[in-house]
Amino acid sequence: MRLHCETMDNEKSIAEKQEALAEDFLVFDDWMDRYQLLLDKAKAMAPLPEAERRDDMKVPGCQSQVWVEVKLVDGRMQIRAASDALITAGLIALLVEVYSGHTPGEIVAAPFTLAERIGLGSHLSPSRANGFANMVKRIRAEAARLVNR
Amino acid sequence: MNAAQTARTGFDVAAMRREFPILSREVYGKKLVYLDNAASAQKPRAVIDAMRQFLETDYANVHRGVHFLSSRATDHYEAAREAARRFLNAPAADNIILTHGGTEAFNLVASSFVSPMIAPGDEIVISEMEHHANIVPWHFLRERQGAVIRWARIGDDGVLDLDHLQSLIGPRTKLVAITHMSNVLGTITPARVIADMAHARGVPVLFDGCQAAVHARVDVQAIDADFYIFCGHKIYGPTGIGVLYAKPHFLSAMRPYQGGGEMIREVGFDAVSYGDAPHRFEAGTPPIMEAVGLAAAIRFLEGIDHAAVHAHEQALLAHATRQLRAANGVRIFGEAPGKGAIIAFDVKGVHPHDLATVIDREGVAIRAGHHCAHPLMKRLGVTATGRASFALYNTMEEVDVFVAALQRAREFFQ
């Protein structure tokens, strides 16, 4: 089932995915509803179990901890990630949904604009607070590295 | 709303709030409830006006020019040094170094005073509840010179273990550097007792007064501090300026910190000599307008009834503590008797980052994170906490808004 969904999703471009997700969020006027949707996304995300979280996967951040694992499988990036904070985990779930399964070239060409579109751009500000911004940077840097290899 | 409060504490918080323009703004269409004062306090009109007026009428570089404005600006700058002297009850204005912030002051002491004394194995005694600004400069000395950092324990209530502290001060101790008030736990430490303990072994003592300067009355002579540090922006003044007090015999023995203009006596092709303290430690153009703002903030604090403000802040703390204790699943970190108006807490099942994010949408600004105190977080067994910190302009109603928002957030995440 999961495989089927991913296959379907990957027929969409990164831009199309971000657009579709933005629409899902912008339906809600109430912030708590948007956060609820983020929490649902976090819960639905394929887990990165605690036992598999290594220190080298840890992304620096002040308030919440983030772990990320990026693998290249058949030329496509497979991303698994987790956070101890739910809202951060929800944002990560969006990032994984948008990028995972795409080629490094596609990822490099398509910036992650969704957080700003849905009014959560503050989570990407270069503050010490959030591991999420660093995670976006790390994934895009990894994609760029793979493209240049 | 504030009548009862005024009656109880003799402090008119509504009038005080009118002095702080930013407090009337809204965030996300909600009234701002600013409870992140330990990170940085908001600025009263007196500070804003003093800085603007200075820039509009008296600004120039200091200590250099013979012209009218330079001499006016120098007067302002030196008046700030004098204000800081008064604020700390230091013996002389020459004991006061104006820095670019609290952090720079710690680094200055580490580099100019402690570093030249350190041989491998020499020790610096700090506590488990220090801010990174009072940890990392000592780590530099550990990495570069083989210094050893000794950590005085705190109890589960956040009280500094004085017996343990005393046991750590030995023949190799070069400095005891302890917070005067914890930025997480609110614990106020018995500075005079600590100073006597260090001095009994011939060891100088430094206090981190960044939080204490705004919540307690500081008298560096009464506590016999050798070094005392605070910063402008936590006492309702501007960012970019800090104050280092040091006893004169230490200052005159300390090597320069940064090299540049202003701090020299003579510069030749193959020789240089340095100016006297405090100018020796103030290389380059100093934070001039920030000094003017600092002086205004100090005058502002001198103009208020300190006892009434203290009673008001303690009433806010007690009210918040009572309500958080009554709330389900809330754990408070730091219950030292007489603590200052800061509450660090944890809500069971809710990450502090999630909590802070959600209540932000209700206009409530709190801090979530490690509060630049990793070792303390490890000691407490957490990676992060929430923190509400109060200022003289906060109200009981704001405490209620905060607690109600916290309750709703708890229900949302559970």
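Proteins come first, then strands; the chains are lettered A, B, ... in the order of their sequence lines, and each starts at number 1. Not measured: the values here are computed from a predicted model.
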Undergrad: By number, which residues in residues 24-33 of chain A have some heavy atom less than 4.5 Å away from chain B?
TA: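 So far as heavy atoms go, A:W31, A:M32 are the residues that approach chain B to under 4.5 Å.
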
Undergrad: For A:L39, is it the side chain, the backbone, both or neither that has a heavy atom under 4.5 Å from a heavy atom of chain B?
TA: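 Contact with chain B is through the side chain of A:L39 alone.
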
Undergrad: Applying ring-ring contact (aromatic ring centres under 6.0 Å, His included), name anything that partners B:F230, two or more places apart in sequence or on another chain.
TA: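 By the ring-ring contact (aromatic ring centres under 6.0 Å, His included) rule, B:F230 matches B:F87.
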
Undergrad: Quick one: ring-ring contact (aromatic ring centres under 6.0 Å, His included) partners of B:H374, sequence neighbours excluded?
TA: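 Per chain and number, B:H374 pairs via ring-ring contact (aromatic ring centres under 6.0 Å, His included) with B:H132, B:H370.
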
Undergrad: Can you find a pair of side-chain heavy atoms, one from A:T88 and one from B:H353, that are under 4.5 Å apart?
TA: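 In short, these two side chains touch, coming nearer than 4.5 Å.
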
Undergrad: Assess whether atom CG of B:D156 is packed by more than 12 heavy atoms of other residues, nucleotides or ligands within 6.0 Å.
TA: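 At most 12 heavy atoms, drawn from other residues, nucleotides or ligands, come within 6.0 Å of this atom.
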
Undergrad: With sequence neighbours excluded, what pairs up with B:F402 under the ring-ring contact (aromatic ring centres under 6.0 Å, His included) test?
TA: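 Partners of B:F402 by the ring-ring contact (aromatic ring centres under 6.0 Å, His included) criterion, ordered by chain and then number, come out as B:F345.
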
Undergrad: Is the CD atom of B:E143 crowded by more than 12 outside heavy atoms at less than 6.0 Å?
TA: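 It does: B:E143 CD has more than 12 such atoms within range.
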
Undergrad: For A:I87 and B:D354, which heavy atoms make the closest approach, and how far apart are they?
TA: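 That closest heavy-atom pairing would be N-OD1, 2.6 Å.
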
